[in-house]
Protein chains: 2
Amino acid sequence: MKNTNENVNQKVKLDDVANEAGVSKTTVSRVLNNRGYISEKTRKKVNEAMELLNYHPNEIARSLFINKTFIIGLIFPTTNNPFYGQLIFHLENISEALGYKVLLCNSEGREDKEKSYLEMLQRHQVDGIIAGSHNRGILEYDNPQLPLVGIDRYLSENTPVVSSDNYDGGKKATQLLIDKGCKKIIHINGSPSLETPANLRREAYEDVMKENEYYPQSYVIGENVIETIFNENPNIDGIFASDDLIASSVMKEAKRRNINIPADLKVIGYDGSEITRMLLPELSTIQQPVKEIADLAVQLLLKQINGETESKIEWKLPVKLIESETT
Amino acid sequence: MKNTNENVNQKVKLDDVANEAGVSKTTVSRVLNNRGYISEKTRKKVNEAMELLNYHPNEIARSLFINKTFIIGLIFPTTNNPFYGQLIFHLENISEALGYKVLLCNSEGREDKEKSYLEMLQRHQVDGIIAGSHNRGILEYDNPQLPLVGIDRYLSENTPVVSSDNYDGGKKATQLLIDKGCKKIIHINGSPSLETPANLRREAYEDVMKENEYYPQSYVIGENVIETIFNENPNIDGIFASDDLIASSVMKEAKRRNINIPADLKVIGYDGSEITRMLLPELSTIQQPVKEIADLAVQLLLKQINGETESKIEWKLPVKLIESETT
DNA sequence: TTGTAGGCGTTATCAC
DNA sequence: GTGATAACGCCTACAA
């Protein structure tokens, strides 16, 4: 049964183009991929047929044959966050410019979701994965030869990690508060049990505090933590929050308590993403080089995909102190 | 040549599992898809073999055969924006829950990028597309039978559009300013040449102004527009911005000019996304039901994908007025 | 209950 | 220059 014209809903394929142009599939494929010798006349005929039939090559069939999809998996907690939103934007952008598409996965920081996403991405034959939300160990578990790059997260012993220079950032932030005269400075961060480079922010804070003979005190973010901090430390005069969203919560609570910023309390955050700078320009912060991080991550992934070797594992990109009105 | 253990780099396939279990590919496929009759013994054997070899079915090959990818294309200006970041988060989330993956495309509002993304998505055989950034007409141009849903954008005569009730939102915002005693109210919005449902925000503003015998005056966002507004309208006392980011710029400029909000100038925005509420809680705004929009959009797309019909084209979801400190 | 054979749309090899 | 033909990894008649 020839169903060439009967079933309108059928997608047009190489064969249809070949029939229309009166040549073989091979020839059409040649025109499509610019391979081998083809006479101008047939090339033109084929192009016209493709135009006429509005032909779109089936990338799935192609992927199956060449064993490559040009798809990169992106696993991050959520796009609903100024930092990740910006990072993912750049990751997609750069990938697209290099001919790769991007499969988006919002893990919400949940291990089970991350695991099932990882499985899904492998089934879909992605060429590689960039992940920014993880507990050490899970991703490599299955398939050590899947190209992989972490952003601000250790994924395995020898998976490249790209991050901002967290130690330097933590140092700059703490030092600024001290320089501005703060004596009772508190640090708020995410869970330290997650082994991430971001822990270096806290380490730097502690080191700088000790160097200056102050007592370092860190709180882990969670329910009512900010209220607790204010209640337990009436004489607090400086807060270094490990991200800008936390810093903004601190500012809100301070306002509620009629604590004047920066007169009575100085606050500095971390990230400095575009949206935060736009909506909360008064917040001092340590700005991460988001675009550069994305650039490098994609580059390192493509190197792995292309089988090139790269022995450097940890990549730290310079941060920038932005002094605004809260310090 | 048996290459079971020789070539470690090769992906393991159905055949390998079959060999390992001592059955045929068919049987393995049956176990995989729970089809037909299979004895418990073989099922167990096969499962063990899959486990042993760490087998991941090749979804590309499967897609080619069943002519379906379970991938949805998402075309939006950027994830680097509180509203789109949140919307895309939900779109991905819901899709994932329904067994679909998501291919992310940041169009940056550029027609050329959108066009090439559309082409790419078709080549990749996506099952459907949800787009939120568009100039009328382009998407349907090529392939009218590709399932398609617009969010806040008309894509073609009979493509479903999901949006917040923009007219009601514009009305609520304008009415609030009037109720609060504003007499010289200005509206700032995106380009009205883009035929989008969001234009209804401006229309509502104009209608309400006229009803109250005030003179409506709209500015289109662009370079230095906000400064211009303040310069040209020294007696301005109310601004309705068509999104919260614009509203925040207005607030910044007002601060620079020592104009007191809300005493001398009242400001209301539009969107009310989570990040904005968090970073700029003092801004009054019209909140869109982002999750509900995403829910409905995915649902409408899946209906199309499954061949179900739905004659309703325009879907408007209720907005919520959030009164805060700027009004 | 299980196996064999053919095809999904493409590309590459080898003839002509 | 161009055309058969055999893969790529999987699924589903149909046969056994």
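The chains referred to below are lettered A, B, ... by the order of the sequence lines, with proteins before strands, and numbering in each begins at 1. This is a predicted model, so every value here is computed, not measured.
Ion pair B:Asp112/B:Arg110 flagged as a salt bridge, since at least one NZ, NE, NH1 or NH2 atom sits closer than 4.0 Å to an Asp/Glu carboxylate oxygen. The existence of a salt bridge linking B:Arg123 and B:Glu119 is confirmed by a sub-4.0 Å separation between a basic side-chain nitrogen and an acidic carboxylate oxygen. In summary, A:Glu40 and A:Lys44 do not engage in a salt bridge, as defined by a charged side-chain N under 4.0 Å from a carboxylate O.
Atom CG in A:Asp15 sits roughly 8 Å away from atom C1' in C:dG9 (whole-Å rounding). As a whole-Å value, the separation of A:Arg123 CZ from D:dC10 P is 10 Å. In this entry the distance linking CG of B:Asp16 with P of D:dG9 reads 9 Å, nearest Å. For the pair A:Arg62 CZ and C:dA12 C1', the computed distance is 12 Å after rounding to whole Å. Atoms CG (B:Leu14) and C1' (D:dC11) sit 9 Å apart, rounded to a whole Å. Distance OH (A:Tyr37) to C1' (D:dG3): 18 Å, rounded to an integer number of Å. Between the C1' atom of C:dG9 and the NE2 atom of B:His124 lies a distance of 14 Å, rounded to the nearest Å. Protein atom NZ of B:Lys25 is 10 Å distant from nucleotide atom C1' of C:dA5, rounded to whole Å.
In this structure, A:Thr42 reaches the sugar-phosphate backbone alone: every heavy-atom distance under 4.0 Å involves primed, P, OP1 or OP2 atoms, never a base. Residue B:Ile38 is classed as a sugar-phosphate contact, given heavy-atom separations below 4.0 Å to backbone atoms only.
When the side-chain nitrogen and oxygen atoms of A:Tyr55 are compared with OP1 and OP2 of C:dG9, none of them lie within a distance under 4.0 Å. Phosphate proximity of D:dT12 to B:Arg35: present, with a side-chain N or O under 4.0 Å from OP1 or OP2. An OP1 or OP2 oxygen of D:dG1 is reached within less than 4.0 angstrom by no side-chain nitrogen or oxygen of A:Ser39.
Of the candidate nucleotides C:dG9, C:dT10, D:dT12, C:dG9 has the atom lying nearest to any side-chain atom of B:Leu64. Taking the side chain of A:Ala61 as heavy atoms from C-beta on, and the options C:dG9, C:dT11, D:dT2, the nearest nucleotide is C:dG9. For B:Thr26, taking side-chain heavy atoms from C-beta onward, the closest of the listed nucleotides D:dT12, D:dG3, C:dT10 is D:dT12. Checked against C:dA12, D:dT2, D:dC10, the side chain of B:Asn58 finds its nearest nucleotide in D:dC10. Which of C:dG3, D:dG3, D:dT12 sits closest to the side chain of A:Arg30 comes down to D:dG3.
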Run the side chain to side chain contact (heavy atoms under 4.5 Å, CB included) check on B:Phe76 and B:Ile88 step by step: do they pass? CA-CA 8 Å; B:Phe76 288 91; B:Ile88 291 171; 3.9 Å; yes
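Of the residues near DNA chain D, A:Ser24 and B:Ser29, the one whose nearest nucleotide (by heavy atom distance) lies more toward the 5' end is A:Ser24.
Both cation-pi conditions hold for B:Lys68 and B:Phe70: the charged atom is under 6.0 angstrom from the six-membered ring centre and inside a 45 degree cone around its axis.
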